[in-house]
Colleague: 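One structure, as structure tokens, below. Some questions next.
We count ligands from 1, going down the list as the structure has it; atoms in each ligand are counted the same way.
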Amino acid sequence: MKGCKFVKKHLTLMLTCIMTILLVACSTEDKATEVEPAPEAVEQKSPKDIKIGFSMDTLQEDRWFKDRDLFLKTAKAAGVEVEVTVANGDDVKQIWQTEKMISEGIDVLVVVPHNAESMAAIVERAHDAGIKVLSYDRLVRNAEVDLYLSYDNEQVGILQATAMTEMVPKGNYVYLGGADTDYNAHLMKQGVFKVLKPYIEKGDITVVFDQWTKDWIPDVAKKNMETALEVNHQKINAVIAGNDATAGAAIEALEAYNLAGSIPVAGQDADLAGVQRIVAGTQNLTMYKSINDLSERAVELAIKLALGEDIQEDRTINNGKINVPSILLPPVPVDQTNIRETVIADGFHQEDDVYNQ
Ligand code: BGC
């Protein structure tokens with residue numbers, strides 16, 4: 001009888017243990033279901049839920065109107081909302097406008113910095129809010145930029161100087177750089193001087209004037225060109241300018257000395273006025289950068305960044321802090337021989353506007 005009681009007591013104990021284990025297992029399973037929702041329950045964002053903040057420096061040059069309008073057109077076709085701000089070359093305003101967009105809620109920031117260094121603070125601010133940053137056309141320096149999309153600016157300089165040295169292998173060169181605060185201007189200058197270096201070392205080319213153009217302002221470039229002409233008693237054989245607006249200003253200065261058309265000038269952007277000057281023979285070269293291609297890629301990549309999708313970069317560019325994943329499109333040199341098959345074929349300009357002015 002005593003043995004029977006012992007077996008009964010142990011059996012009850014075992015049953016209680018099994019019940020407890022089963023209960024614990026069940027409740028753990030319940031908790032797991034609560035904490036990790038089934039994958040199909042996770043909300044998937046689609047492009048239609050995305051809002052892009054597009055912070056632009058300026059609309060001073062023709063090209064930036066195209067950048068803005070084509071960006072908006074591509075985004076609209078993808079069903080993506082965009083808020084555009086333009087800072088008119090004012091750093092404080094650009095920072096303030098961008099901070100406002102971040103705090104009001106955007107999913108990704110696309111930025112064309114006026115000042116490459118000042119916008120670093122905004123990259124940090126965006127990251128704190130979980131927003132990725134695409135540096136558009138111009139690189140933000142010293143910040144953990146997520147992606148840089150531009151034309152190859154060093155290549156712009158290389159192509160300008162290569163064409164120029166073919167036209168003018170010996171002589172006095174004037175270099176009218178872009179804005180010191182724009183890193184593109186530095187990359188272009190690197191490209192130009194890479195090509196000029198051996199000519200300079202041989203003593204064939206002398207760079208008699210080399211200045212930045214504050215904020216890319218054409219009047220500043222014109223004054224610089226006037227100084228270059230005066231100081232060198234007009235003994236100048238070639239002019240390389242940062243863009244078409246500054247090239248146009250340099251040509252105005254040359255006109256005052258009746259030298260427009262006899263001294264080769266290079267610019268970039270394929271602005272309508274620049275292409276018209278090429279037709280007229282006062283400017284020799286520009287660099288065409290299809291804004292259509294750039295803005296379409298930008299919208300596509302901004303959406304990917306917002307959705308957290310992988311992006312295959314071409315290379316990296318060091319911005320002083322990190323090697324920024326970068327996608328760089330190739331610029332195309334345009335002179336009198338290929339206007340029709342480049343800017344006109346692409347619809348960048350109309351034949352009538354280029355030739356019948
Ligand atoms: C751009 C040029 C433009 C210049 C002035 C540069 O960063 O690459 O295309 O002409 O800024 O706005």
Side-chain angles (χ1 to χ4, degrees), residues 54-71 86-91 94 110-119 134-141 145 148-160 175-192 211-222 224 240-250 265-275 277 283 285-295 297-298 317 319 324 326-334 343 348-349:
F54 188 18
S55 162
M56 301 184 74
D57 161 28
T58 178
L59 293 175
Q60 187 175 264
E61 289 80 14
D62 280 9
R63 63 153 295 178
W64 299 115
F65 285 96
K66 288 192 197 287
D67 288 83
R68 182 196 60 188
D69 294 349
L70 292 166
F71 192 97
V86 182
N88 298 323
D90 182 336
D91 288 339
Q94 188 166 27
V110 176
V111 61
V112 187
H114 167 251
N115 184 315
E117 307 282 342
S118 315
M119 283 309 270
L134 188 160
S135 217
Y136 178 99
D137 192 82
R138 298 178 180 168
L139 185 59
V140 178
R141 300 256 312 149
V145 173
Y148 173 44
L149 170 71
S150 184
Y151 276 87
D152 186 334
N153 289 289
E154 190 182 0
Q155 192 61 16
V156 168
I158 289 177
L159 292 170
Q160 283 181 319
Y175 186 67
L176 299 175
D180 191 15
T181 47
D182 177 353
Y183 194 56
N184 281 354
H186 292 261
L187 293 168
M188 279 183 247
K189 187 171 182 178
Q190 265 170 38
V192 166
Q211 281 291 324
W212 299 114
T213 305
K214 189 184 179 320
D215 284 343
W216 293 95
I217 295 169
D219 272 352
V220 174
K222 188 173 173 187
N224 280 338
I240 301 182
N243 66 358
D244 285 346
T246 49
V265 177
Q268 83 150 322
D269 282 344
D271 276 357
L272 181 58
V275 180
R277 284 192 297 268
Q283 185 173 327
L285 181 78
T286 186
M287 290 294 147
Y288 172 46
K289 306 185 292 185
S290 161
I291 304 302
N292 213 0
D293 291 353
L294 185 68
S295 55
R297 288 302 297 278
I317 301 262
N319 73 347
V324 182
S326 303
I327 297 176
L328 302 182
L329 310 179
V332 178
V334 173
V343 290
F348 195 70
H349 296 308

Colleague: How close do Val140 and Asn319 get, heavy atom to heavy atom, and via which atoms?
Modeller: O-ND2, 3.0 Å

Colleague: Going by heavy-atom distance to atom 8 (O) of ligand 1, choose the closest among Leu139, Val156, Asp137.
Modeller: Asp137

Colleague: Kindly indicate, with the supporting measurements, whether the criterion salt bridge (charged side-chain N to carboxylate O under 4.0 Å, His left out) is fulfilled by Arg63 and Asp271.
Modeller: CA-CA 7 Å; Arg63 63 153 295 178; Asp271 276 357; over 6 Å; no

Colleague: Determine, using heavy atoms of Lys289 and all atoms of ligand 1, whether some pair is separated by less than 4.0 Å.
Modeller: yes

Colleague: Checking side-chain polar atoms at under 3.5 Å, does Asp182 have a donor or acceptor matched by the opposite partner on Trp216?
Modeller: yes

Colleague: Given that the side chain starts at C-beta and the backbone is N, CA, C, O, which of these parts of Arg63 lies under 4.0 Å from ligand 1, counting heavy atoms, or is it both or neither?
Modeller: side chain

Colleague: If the cut-off is 4.0 Å to any non-hydrogen atom of Asn184, which atoms of ligand 1 fall inside it?
Modeller: 1 (C), 6 (C), 7 (O), 8 (O)

Colleague: Counting heavy atoms only, which of Asp182, Asn153, Thr246 is nearest atom 6 (C) of ligand 1?
Modeller: Asp182

Colleague: Would you indicate whether Lys66, at its atom NZ, is surrounded by more than 12 heavy atoms from other residues, nucleotides or ligands within a distance under 6.0 Å?
Modeller: yes

Colleague: For atom 2 (C) of ligand 1, which of the options Asp269, Thr58, Leu294, Asn243 provides the nearest non-hydrogen atom?
Modeller: Asp269

Colleague: For Glu61, take its heavy atoms, then give the atoms of ligand 1 lying under 4.0 Å from any of them.
Modeller: 5 (C), 12 (O)

Colleague: Between ligand 1 and Trp64, can you find any atom pair, the residue atom being a heavy atom, that is separated by under 4.0 Å?
Modeller: yes

Colleague: Taking all non-hydrogen atoms of both residues into account, name the closest pair between His349 and Ala270 and its distance.
Modeller: NE2-O, 2.6 Å

Colleague: Taking atom types as modelled, is there a side-chain donor on Asp244 or Gln283 under 3.5 Å from an acceptor on the other?
Modeller: yes

Colleague: Going by atom types only, do Asp215 and His114 share a side-chain donor-acceptor pair under 3.5 Å?
Modeller: yes

Colleague: Looking only at protein heavy atoms, which one is nearest to atom 11 (O) of ligand 1, and how far off is it?
Modeller: Arg138 NH2, 2.9 Å

